[in-house]
Amino acid sequence: VGRAAGSVEGYKYSHAMKNSGVTWVEVNLAEYLKNPKAKIAGNKMVFPGVKDDTKLADIIAYLGQFNADGTKKQ
């Protein structure tokens, strides 16, 4: 949460992801995790999305425990 999409060093992101301009805040995470292709068209990740709203909220809550650099929030 808080990191720009397509910005982790060493991973070969699609051009769509790298150039999306998306920052992973809760609303963007929810939109992407629910329907990845609609949020960032042309991304290469094969992921159908999470349709269950409770599971989606749980995933976002889990990710919210971490800083943008991946360290656990205090």
TODO: Could you grab the distance from atom CG of Leu29 to atom NZ of Lys34, nearest 0.5 Å is fine?
DONE: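 The distance works out to 14.0 Å.
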Task: Side-chain donor/acceptor of Asn67 to backbone N/O of Gly70, under 3.5 Å - done: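 A pair under 3.5 Å: no.
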Could you list the donor-acceptor pairs under 3.5 angstrom formed between side-chain atoms of residues 36-43 and any protein atom two or more places apart in sequence or on another chain?
unit_1, atom_1, unit_2, atom_2, d
Lys39, NZ, Asn28, OD1, 2.9
Lys39, NZ, Glu31, OE1, 2.6
Asn43, OD1, Met45, N, 3.2
Asn43, ND2, Pro36, O, 3.3
Asn43, ND2, Ile40, O, 2.6

Open item on the list: Looking at every non-hydrogen atom in both residues, tell me the closest pair between Ile59 and Leu33 and how far apart they are.
Closed with: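 Looks like CG2-CD1, 3.6 Å.
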TODO: Identify whether Val25 and Tyr62 are in the same connected component of the hydrophobic contact network (ILVMFWY, side-chain heavy atoms under 4.5 Å).
DONE: no
Task: By side-chain contact (heavy atoms from CB on, under 4.5 Å) - contacts of Lys72 (at least two apart) - done: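 side-chain contact (heavy atoms from CB on, under 4.5 Å) check on Lys72 returns Gln65, Phe66.
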Task: Listed once per pair and sorted, the side chain to side chain donor-acceptor pair (under 3.5 Å) pairs that draw on residues 3-23, sequence neighbours left out - done: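 Passing the test, one end in residues 3-23: no pairs.
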